[in-house]
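One structure below.
Per chain, numbering begins at 1; letters A, B, ... match sequence-line order.
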Amino acid sequence: MKYWLMKTEPDAFSIDDLAAVGREPWSGVRNYQARNFMKAMSVGDGVLFYHSNTKVPGIVGLAEVVSEAYPDPTQFVKTSDYYDPKSTQEEPRWALVDVGFKRKFKRIVSLEELKANADRLDEFALLRRGSRLSVLPVTAGQWKTILSLE
DNA sequence: GCCAACGTTGGC
DNA sequence: GCCAACGTTGGC
């Protein structure tokens, strides 16, 4: 079992939205590194659910990977914000996985708090300077440490 | 293949 | 709303 962190802007799609729908295709990722991480995911992998671009950014709950990677259908939709004219059905460029709700944290584990515990989270990709990746790997040790902060 | 221009991300 | 950091685009 592997672990990941996935970012979302709560104004667009929050942990409460995920709780409401139960499961969601993680469409719209248009970064090759993030896409490659999703392709490396397996059903059952753990996901730290992160709220970005909000008053208190941080990890707000747990989700899980509930599908293998498959082509992101929005890349073919001309009217979609995520349409990619260079992508074809035969050779899709973008992939996604379905993400399932696990649980919402009783309280947010804020970015500030994560930074304060950086020494226990060595080389955490989220804390790397200028990190903008929306999907990134988490080690078993980092996962454990973060759960202990909840 | 270089790199300037531009667009996006995301904390603050 | 600002802006640093970074990715992508496209002219050459």
Side-chain angles (χ1 to χ4, degrees), chain A residues 2-21 23-41 45-65 69-139 141-143 145-150:
Chain A
K2 300 181 292 300
Y3 302 98
W4 311 92
L5 180 144
M6 297 173 90
K7 292 183 191 173
T8 175
E9 301 194 9
D11 288 348
F13 190 84
S14 71
I15 185 83
D16 293 324
D17 293 326
L18 184 63
V21 295
R23 119 186 227 150
E24 179 75 5
W26 211 249
S27 59
V29 171
R30 294 293 180 270
N31 171 282
Y32 289 106
Q33 217 180 334
R35 178 204 68 183
N36 291 342
F37 286 137
M38 286 202 288
K39 283 187 171 181
M41 290 179 181
D45 283 358
V47 175
L48 298 170
F49 202 86
Y50 182 91
H51 280 179
S52 68
N53 235 324
T54 188
K55 200 162 200 168
V56 182
I59 297 162
V60 292
L62 300 182
E64 68 176 332
V65 176
Y70 62 95
D72 180 344
T74 63
Q75 70 194 302
F76 308 122
V77 180
K78 282 213 170 82
T79 54
S80 168
D81 286 347
Y82 303 124
Y83 177 64
D84 184 344
K86 291 178 184 155
S87 204
T88 64
Q89 295 278 353
E90 296 71 33
E91 278 186 74
R93 179 177 295 208
W94 305 110
L96 55 70
V97 296
D98 290 353
V99 174
F101 178 74
K102 284 288 269 193
R103 68 182 176 88
K104 184 178 175 177
F105 283 176
K106 288 183 283 292
R107 58 176 206 88
I108 186 170
V109 176
S110 68
L111 178 61
E112 187 182 18
E113 211 172 334
L114 294 170
K115 283 179 177 168
N117 287 277
D119 54 332
R120 299 170 60 204
L121 291 167
D122 69 335
E123 301 295 300
F124 191 25
L126 181 76
L127 302 179
R128 237 192 11 247
R129 203 172 72 108
S131 166
R132 287 167 25 190
L133 265 184
S134 63
V135 178
L136 47 94
V138 175
T139 66
Q142 289 160 350
W143 177 272
T145 299
I146 287 162
L147 290 193
S148 78
L149 295 176
E150 185 195 350

Return the value, rounded to whole Å, for the distance between atom [atom1] of [X] and atom [atom2] of [N].
X: A:N53; N: C:dA5; atom1: CG; atom2: P; value: 17 Å
X: A:R35; N: C:dT8; atom1: CZ; atom2: C1'; value: 15 Å
X: A:H51; N: B:dG11; atom1: NE2; atom2: P; value: 12 Å
X: A:Y82; N: B:dT8; atom1: OH; atom2: P; value: 12 Å
X: A:D81; N: B:dG7; atom1: CG; atom2: C1'; value: 14 Å
X: A:R132; N: B:dC12; atom1: CZ; atom2: C1'; value: 16 Å
X: A:R129; N: C:dC3; atom1: CZ; atom2: C1'; value: 14 Å
X: A:L5; N: B:dT9; atom1: CG; atom2: C1'; value: 15 Å

Legend entry - Position toward the 5' end of DNA chain C (nearest nucleotide), A:R93 or A:S131: A:S131
Inset, instruction - State, without any angle test, whether A:R132 and A:S52 hold a side-chain donor-acceptor pair at a distance under 3.5 Å. - result: no
Please check if the side chain of [X] supplies one atom and the backbone of [Y] the other of a donor-acceptor pair under 3.5 Å.
X: A:Q142; Y: A:D122; value: yes
X: A:S110; Y: A:V56; value: no
X: A:R35; Y: A:R93; value: yes

Inset, instruction - Report yes if at least one side-chain N or O of A:K7 is closer than 4.0 Å to OP1 or OP2 of B:dG10; otherwise report no. - result: yes
Inset, instruction - Verify the contact: side-chain N or O of A:Y50 to OP1 or OP2 of B:dT9, cut-off strictly under 4.0 Å; return yes or no. - result: no
Legend entry - Touch class at under 4.0 angstrom, heavy-atom based, for A:K55 against every strand present: nothing
Considering only [options], which nucleotide approaches the side chain of [X] most closely?
X: A:Y32; options: C:dT8, B:dG11, C:dA5; answer: C:dT8
X: A:K86; options: B:dG7, C:dT9, B:dG11; answer: C:dT9
X: A:L111; options: B:dC12, B:dG7, C:dT9; answer: B:dC12

Legend entry - Greater than 12 external heavy atoms within 6.0 Å of A:K104's NZ: no
